[in-house]
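These numbers come from a predicted model, not from an experiment.
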Amino acid sequence: MIENSPVVSVIIAVKNGERRLGEAIESILSQTYKEYEIIVVDGQSTDNTEKIAKSYDQVRYIRQTGKGLADAWNLGIEAAKGELIAFLDSDDLWAPNKLSLQVDYLVNHPLIQYVIGKFRFILEPGCPIPIGFKKELLDKDIVGPIPGTLMVRKSLLNSIGKFNTDLVIASDVDWFARVKDENIPMTVIPEVLLYKRVHTENLSSNAEKNNQELLQLLKQSINRQRRSQIPKNQDIS
């Protein structure tokens, strides 16, 4: 039992996720930590996503009017009532102790602004390994600066900014780069907290678009780091 248990707002952004959404929600309901709310942000699905989400009394359903994953995450953040925020993709699963480990750490370390953990890829049965995916990653526990392992104080999201809606795929990479460049205090929980499904429908399988955005973000990160090294009284005009 965690004293003064804060509420965690869990955000699931989904579009046409009827095949796997129920399992993702069940992995939240199976958490050993129970002080949470579930917000499903539906990107205008045309399948049974809405019906599945609304079949759970614990779910608050929001239909997205904008477009894109970053917009969906931001919509969920704005609707969140909890002081801590977590994210789960509609096709992924959490370990049962994911929330309890991260909440406990943040409660006991008030200067730490966010925590991540390890994750493990799992290949969906009957699915071929997608082009560009390294098979050896299936056998590893990976430290994951990705939304599915993240728990973050809502106050940090309000101060440093939410997700960049100009990016199609790499808005999460951009956010993690920004907090890193600002030297925001964080910690890695050294346990597998997320099981990330690999299948042919993964958004990140669009390698060309992903590479374009990553190159853009690398340049932005380098520029931020250069600016941070300039003395405040130096004229940079």
Can you name the closest pair of heavy atoms from [X] and [Y] and give their distance?
X: D71; Y: G66; value: OD2-CA, 3.6 Å
X: V152; Y: L157; value: CG1-CD1, 3.7 Å
X: I189; Y: V115; value: CG1-CB, 4.4 Å
X: A53; Y: Y61; value: CB-CD1, 3.8 Å
X: V14; Y: S45; value: O-OG, 4.1 Å
X: Q64; Y: K67; value: NE2-C, 3.5 Å

What orientation do F163 and W73 show, parallel under 30°, tilted 30 to 60°, or perpendicular over 60°?
tilted
Can I116 and F176 be said to form a side-chain contact (heavy atoms from CB on, under 4.5 Å), step by step?
CA-CA 11 Å; I116 60 174; F176 280 105; 3.9 Å; yes
Drop me the distance from [X]'s [atom1] to [Y]'s [atom2], to the nearest 0.5 angstrom.
X: D172; Y: I146; atom1: CG; atom2: CD1; result: 8.0 Å
X: D174; Y: I169; atom1: CG; atom2: CD1; result: 13.5 Å
X: I25; Y: I12; atom1: CD1; atom2: CD1; result: 5.0 Å
X: I184; Y: Q113; atom1: CD1; atom2: CD; result: 6.5 Å
X: R60; Y: I11; atom1: CZ; atom2: CD1; result: 9.5 Å
X: L156; Y: N158; atom1: CG; atom2: CG; result: 9.0 Å

Tell me, do E191 and L101 make a side-chain contact under 4.5 Å, heavy atoms counted?
yes
With a 4.5 Å limit on heavy-atom distance, are the side chains of I38 and Y56 in contact?
no
Spell out, as yes or no, whether a donor-acceptor pair under 3.5 Å connects the side chain of [X] to the backbone of [Y].
X: Q31; Y: K98; value: yes
X: W94; Y: A24; value: no
X: T149; Y: G144; value: yes
X: S30; Y: E26; value: yes
X: T49; Y: G17; value: yes
X: K34; Y: L29; value: yes
X: D92; Y: R197; value: yes

Check ion pair E182-R178 (N to O, under 4.0 angstrom):
no
Looking at R120 and D141, is any side-chain nitrogen of the basic one under 4.0 Å from a carboxylate oxygen of the acidic one?
yes
Would you kindly confirm whether V7 and Y36 end up in one hydrophobic cluster when ILVMFWY residues are joined by side chain heavy atoms under 4.5 Å apart?
no
Same cluster or not: I112 versus V103, using hydrophobic residues (I, L, V, M, F, W, Y) connected whenever any side-chain heavy atoms lie under 4.5 Å apart?
yes
List the steps and the verdict of side-chain contact (heavy atoms from CB on, under 4.5 Å) for L150 and W175.
CA-CA 11 Å; L150 174 67; W175 188 88; 4.1 Å; yes
I'd like to know whether L99 forms a side-chain contact (heavy atoms from CB on, under 4.5 Å) with M151, so could you lay out the CA-CA distance, the side-chain angles of the two residues, the decisive distance to 0.1 Å, and finally the verdict.
CA-CA 8 Å; L99 294 184; M151 183 177 288; 3.5 Å; yes
Take V179 and Y114 through the test side-chain contact (heavy atoms from CB on, under 4.5 Å) and record every step on the way to the result.
CA-CA 10 Å; V179 292; Y114 70 99; 3.4 Å; yes
side-chain hydrogen bond (donor to acceptor under 3.5 Å, both in side chains) with E18: which residues, sequence neighbours excluded?
N48
Once ring pair (Phe, Tyr, Trp, His ring centres under 6.0 Å) is applied, do any residues pair with F119, and if so which ones, sequence neighbours excluded?
F121
Yes or no on salt bridge (Lys or Arg N to Asp or Glu O under 4.0 Å) for R63 and D42, after CA distance, side-chain angles and deciding distance?
CA-CA 5 Å; R63 191 164 181 86; D42 181 4; 3.3 Å; yes
Taking only distance into account, with no hydrogens and no angle test, what donor-acceptor pairs under 3.5 Å do side-chain atoms of residues 77-90 form with protein atoms, sequence neighbours excluded?
| residue | atom | partner | partner atom | Å |
| --- | --- | --- | --- | --- |
| D89 | OD2 | K196 | NZ | 3.1 |

